[in-house]
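The structure presented is a predicted model; accordingly, all values stated were derived computationally and were not measured. The sequence lines fix the lettering, A, B, ..., with proteins before strands; numbering per chain opens at 1.
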Number of protein chains: 2
Amino acid sequence: MASPSDHIGEFDLIQRFFKTGADAMHPQLAIGLGIGDDCALIYTATDEEMAITTDMLVEGRHFLIGANPELLGSKALAVNLSDLAAMGARPLGFTLALALPSADQKWLEAFSKGLFSTAKQYSCSLIGGDTTAGPLTISITAFGSLPTGKAIRRSGAKSGDDIWVSGTLGDARLALAALRHEISLSDADLKQIEHRMHQPAPRIELGIQLRDIASAALDVSDGLLGDLKHILKQSQVDAQILLDRLPKSEILLKQSIAIQNQFAACGGDDYELCFTAASHQRDVITRIGQSLHLAMTHIGQITAMKNTEASIELFSTDGNRLSAAETKPLLKSFDHFAS
Amino acid sequence: MASPSDHIGEFDLIQRFFKTGADAMHPQLAIGLGIGDDCALIYTATDEEMAITTDMLVEGRHFLIGANPELLGSKALAVNLSDLAAMGARPLGFTLALALPSADQKWLEAFSKGLFSTAKQYSCSLIGGDTTAGPLTISITAFGSLPTGKAIRRSGAKSGDDIWVSGTLGDARLALAALRHEISLSDADLKQIEHRMHQPAPRIELGIQLRDIASAALDVSDGLLGDLKHILKQSQVDAQILLDRLPKSEILLKQSIAIQNQFAACGGDDYELCFTAASHQRDVITRIGQSLHLAMTHIGQITAMKNTEASIELFSTDGNRLSAAETKPLLKSFDHFAS
């Protein structure tokens, strides 16, 4: 129970910590009315549609108990914006539903600071929300817009398409392993990759530029190969991946080959985009990468579906196909209900 | 930890319990793409805007531990639709973020049954979601559409406007009091009002019909007088309420006057609409009530603001103004962080 001086009512809380940032409206102003009424009002241009995504983060499951609230606020929004990026949408706004054990003002100040710093960076307004007492849980629903019919869906990959991934993979998983003392990492190295775990960068500009180029896309949140399977299933195709091509940071390259492969192929929390595109787009994609100062790596091919279930074949650099025993642990994706 | 036979993965869970209902698309089809991609896609007609609202329900705070999951699924969506109703919006779709301790299939079956029964009743599609392990928490964001500029905002009440409320007030609070053994109620009486607590009816049709008639509106979720204050604050006006006019059910009328007043004036969970309208609209409002078989009660007047803070004066039937001491307990609204 909060002491009287700590006590702050729900409406005060919204006014104090969340209203200001909501007033920092989206420059293109798709938003008619923000916090303070029964609903927010939002509209898009006549030839645009709206992309909507929702994520829930639970303390002890998605972030550690006592996690830095500023980083948490920033990441909670970023992971939603990453879903907009994967669709090719430009962020407009978001709603926040927040359960927290008490109206801890210090925590709220830090959390809203992180939240609005990401919101500002991506021109995305808080348009509505709900706060309540309860176990620390953050649920964000984010809205973006894009020209009608231009969304990059998961279902568009075709046999013969190249498979690409942005940035590098596995660093968020590596940082987690270091923080959990599963592997040892120098302080300098940890410092260099820690932001990949705490402050993922949603690839908004990349998504927008890929609208007319990618045949399918998603963001890598649960691990590359597991996530790629969603594209394969929805597109009814298979994939071949050259394991040694997976892009890795200098820090991850210092680890054993086994760790490198495991973290790059199935470490979660990377929030890079994995996408497919026809091979004649290679030069265009390379130029997009250069203009965004973001690595674009061609990691494999989409192939025709061989069986009833979509499958991934893994190859080493020398062209040898990995055995089922070598492949299996790499195809294990993160399952939020796995026991 | 779930036993192997209980185990069901996150994607299976979405497919199994939530995908079917999502396919029951909104008849006006504002929705391009539902569950299964990074985002849902949604669009409205050129001359429409979208109303968006979000609510989070936490076990032990908003519903009892062990609450009937079917009723819970139904209510979780209904309370969001009630916010759309208060704006005059027609429901289109919603996202669901759900944390639950384990993937309990029996619970999920019942919950999704209740959820989709309400969704179907109000032609509202599940368009996206997120499921995770965690303390039972339900966060829904609902979307509705309405002609641009027609939203009924909280800020439009004017001095001289009538104040109206739909249906009856206080029954949800009465049912809660009976279930908590704070008051005694016959089984027959409890049975007759229990649905007001478990299955609130969002006043969607009423909201739509009030678009050109009401000057301000909101739904009564935390108690009439506390909620009315939001209209007063945002409209910068005061109110006079005739306490004896508050509409009460036959069951509530059996209670003491003190209980009647307290439950009708500040009991939560009613989900009726409280709205203001110019006095020349009285006949129209009465006819709307008749056509919807829903009582419409004129409970007071909007007056000019006397001080810097919006205030409510309460009157008894004989025209006597209640003293500050009589008024104070009735103006206490529900605060989710009150200690």
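- The minimum heavy-atom distance linking B:P135 with A:V58 is given by the pair CD-CG1, 3.7 Å.
- Considering every non-hydrogen atom in both B:C39 and A:T53, the closest pair reads SG-CB, 3.8 Å.
- Heavy-atom minimum distance, A:L98 versus B:M56: C-SD, 3.8 Å.
- Residue A:A85 does not touch chain B at all, counting heavy-atom pairs closer than 4.5 Å.
- Summarising the geometry, atom CE belonging to A:M50 is positioned 10.0 Å from atom CD1 belonging to B:I127; distances are rounded to the nearest 0.5 Å.
- Taking each heavy atom of B:T54 and A:A97 in turn, the nearest pair found is OG1-CB, 4.2 Å.
- Rounded to the nearest 0.5 angstrom, B:D227 CG and A:D38 CG are separated by 9.0 Å.
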Could you go through the side-chain contact (heavy atoms from CB on, under 4.5 Å) check for A:R61 and B:T132 one step at a time? CA-CA 9 Å; A:R61 188 89 194 172; B:T132 182; 4.0 Å; yes
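- Separation of atoms CD1 (A:I138) and OG1 (B:T137) is listed at 12.0 Å; rounding is to 0.5 Å.
- Both the backbone and the side chain of A:D219 come within contact range of chain B, judged by heavy atoms closer than 4.5 Å.
- Interface residue A:L96: only backbone heavy atoms are found under 4.5 Å from chain B.
- Atom CD1 of residue A:I140 and atom OG of residue B:S139 lie 10.0 Å apart, to the nearest 0.5 angstrom.
- Note: A:T95 OG1 to B:F143 CZ = 7.0 Å, rounded to the nearest 0.5 Å.
- Heavy atoms closer than 4.5 Å to chain A are found in the backbone of B:I152, but not in its side chain.
- Heavy-atom distances place the backbone of B:A217, and not its side chain, under 4.5 Å from chain A.
- Taking CG of A:D130 as the reference point, atom CG of B:D83 lies at 9.0 Å (rounded to 0.5 Å).
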